[in-house]
Amino acid sequence: MPKPYVLQKEQELRIEVREGHSLTLKLVKGQAEVFGTDLLEQQIYTLRGQKLAVFSWEGCEVQLQGVGEPVEDAIEVIYESDDTPMREYANVHNLLQTRREAALASKFEGPRTMVVGQVDVGKSTLCKILLNYAIRRDCAPTMIDLDLGQGSIAPPACIGATPVEGPIDVEEGLPVEMPLVYFSGNVSPEPNPHLYRHHVERMAALLDKRAQSNAEVGAAGMVINSMGWIDGLGYELILHSLKTFRVDIILVIGQDKLYSQLSSVFRSDRRMNVIKLTRSGGVVMRPREYRKSSREQRIREYFYGPRNDLQPSSSTVPFTNLKVYRVGSGFAAPQSALPIGGQSYSNPLKVTQMLNMNDLLHMIVAVSHAQQPEELLSANVAGFVWISNVDPVQQTVTYLAPCAGELPAPFLLAGTLKTYFR
Ligand code: ATP
């Protein structure tokens, strides 16, 4: 039996679907949205293991129903709340929209917004809301995700960018047709921050060109999601990204210290706005294990689709057919670890071919757009394969690719990212 829920104006229904379970959501009447995506009346949405809020500006009635089980069995947590930061977030949207319109009229650049804060403060969620509200006003900002661990545009270990031209699908997330993706091979920038900075700079340069060649793209601006690592090196990398993307609006969620640090760094920068926002009480804390399993889920979705309806293809090729490279032949020692006057000679951006194919077993490997090995460092990636077997006797490698046929490019990039498809 469907279970009805009635929401009053500016209330939200917070739902945590159990991992591995599904339920359906239907808007019976009124207005309702999921992180800025308007729900269509009478349409059935299937929620698979998601944690989300159905919010209503006007009030509404929705129904939930379990899939093959009572709805109670599919739900971990459910409650209504009228204590939400949605008004604050809508005010930010209005500010961005005013800037976009002014930019379009004057042919200047639109707002470049970066959302920062610790892990689990709702950064990705705020990005979704701002993007969806921009779409409603016929703007298509570029979404950039700089989080290697829990990115929304590409599989883990990547940073990605994509124009968002339609509302974000409640069931499947961001529509990403042709994303711009850089693969660092690791779910954290810590092992090779040089490579992370390099990719951020490459991406910003390409997006700048795109914005300059199309006034509407430039005026729509950027919405940038950052990683939740905000201390030490993490903070340095956030500063680097803010400067590289020439961000002019920083949205700090729920972190007084970070807000005060950034406000003082940019105090003399007249174009910069640092805005503090409330963390929603609905944001769900995700323990380390959950993050790991959601990374594995992202990788699985890349190959098998979010509804498990894609059929990846397996191929076996001789070792000699695969040219696999790695960036960073041993990372440069920090200056503090060297004797006075000493120099680190190892190059964190050096690209070297992997000669021991056994190391590839179970790795996620990126197929680079590079046409020459020298281009591997700076080229974005076309897709990914998973190495399911390495046979040292037959000297062959078996890999899973999202579709059959030859790989779209000859050079592959490996890192340390492995998965086992349990
Ligand atoms: P990270 O830094 O780890 O990427 P984050 O700061 O980007 O985390 P989100 O991914 O936005 O945080 O939110 C964490 C989880 O909480 C997500 O599963 C999201 O769908 C859920 N969530 C966010 N806001 C709400 C809400 N109001 N009600 C219910 N769930 C919510």
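Start at 1 and go down the list; that is how both ligands and their atoms are numbered.
- A side-chain donor from one of E33 and Q31 sits under 3.5 Å from a side-chain acceptor of the other.
- Using a 4.0 Å cut-off to heavy atoms of V121, the atoms of ligand 1 that qualify are 6 (O).
- Scanning all protein heavy atoms for the shortest distance to atom 31 (C) of ligand 1 gives G282 O, 3.4 Å.
- Comparing R286, R279, K123, M227 against atom 10 (O) of ligand 1, the shortest heavy-atom distance belongs to R286.
- Checked by distance only, ligand 1 and G228 stay at 3.5 Å or farther apart across all their nitrogen or oxygen atoms.
- For atom 12 (O) of ligand 1, the nearest non-hydrogen atom from the set P85, G122, G117 comes from G122.
- Set against the non-hydrogen atoms of D147, the atoms of ligand 1 under 4.0 Å away are 4 (O).
- With a 4.0 Å cut-off on non-hydrogen atoms, E16 does not touch ligand 1 at all.
- Looking at R197 and S241, their side chains never bring a donor and an acceptor atom within 3.5 Å of each other.
- Closest to atom 19 (C) of ligand 1 among all protein heavy atoms lies K51 O, 3.6 Å.
- There is a side-chain donor-acceptor pair under 3.5 Å between E201 and H240.
- Counting only distance, with no hydrogens or angles, the side chain of R18 and the backbone of G49 share no donor-acceptor pair below 3.5 Å.
- Proximity to D120 (heavy-atom distance under 4.0 Å) selects the following atoms of ligand 1: 1 (P), 2 (O), 3 (O), 5 (P), 6 (O), 8 (O), 12 (O).
- Of the residues R291, M285, M227, R286, the one that meets the side chain to side chain contact (heavy atoms under 4.5 Å, CB included) test with V119 is R291.
- Heavy atoms of other residues, nucleotides or ligands lying less than 6.0 angstrom from NZ of K418 number more than 12.
- Scanning for side chain to side chain donor-acceptor pair (under 3.5 Å) contacts around E172 gives R307, with sequence neighbours left out.
- Protein heavy atom in closest approach to atom 16 (O) of ligand 1: V284 N, 3.0 Å.
- Nearest protein heavy-atom contact of atom 7 (O) of ligand 1 is S124 OG, 2.7 Å.
- At a cut-off of 3.5 Å, with distance as the only test, no side-chain donor of Q297 or R300 sits close to an acceptor on the other residue.
- Of the protein's non-hydrogen atoms, the one nearest atom 27 (N) of ligand 1 is E12 OE2, 2.9 Å.
- Looking only at protein heavy atoms, the nearest one to atom 11 (O) of ligand 1 is T125 OG1, 2.5 Å.
- A donor atom on one side chain and an acceptor atom on the other are not found under 3.5 Å apart for E12 and S81.
- A heavy-atom separation below 4.0 Å is found between F35 and ligand 1.
- In summary, the side chains of Q150 and S294 do present a donor paired with an acceptor at a separation below 3.5 Å, with no hydrogens or angles considered.
- At a heavy-atom cutoff of 4.0 Å, ligand 1 is contacted by no atom of Q50, backbone or side chain.
- In terms of N/O distances under 3.5 Å, ligand 1 is not approached by V119.
- Heavy-atom contacts of R14 reach the following atoms of ligand 1: 27 (N), 28 (N) (cutoff under 4.0 Å).
- By the neighbour-count criterion of 12 heavy atoms within 6.0 Å, atom CZ of R136 is densely surrounded, having more than that number from other residues, nucleotides or ligands.
- Per-residue contacts place S280 under 4.0 angstrom from the following atoms of ligand 1 (heavy atoms of the residue considered): 27 (N).
- Within ligand 1, the atoms closer than 4.0 Å to a non-hydrogen atom of R291 are 3 (O), numbered from 1 in the order shown.
- Listed by first then second residue, pairs satisfying ring-ring contact (aromatic ring centres under 6.0 Å, His included) with a partner in residues 119-153 read H93-Y133, not counting sequence neighbours.
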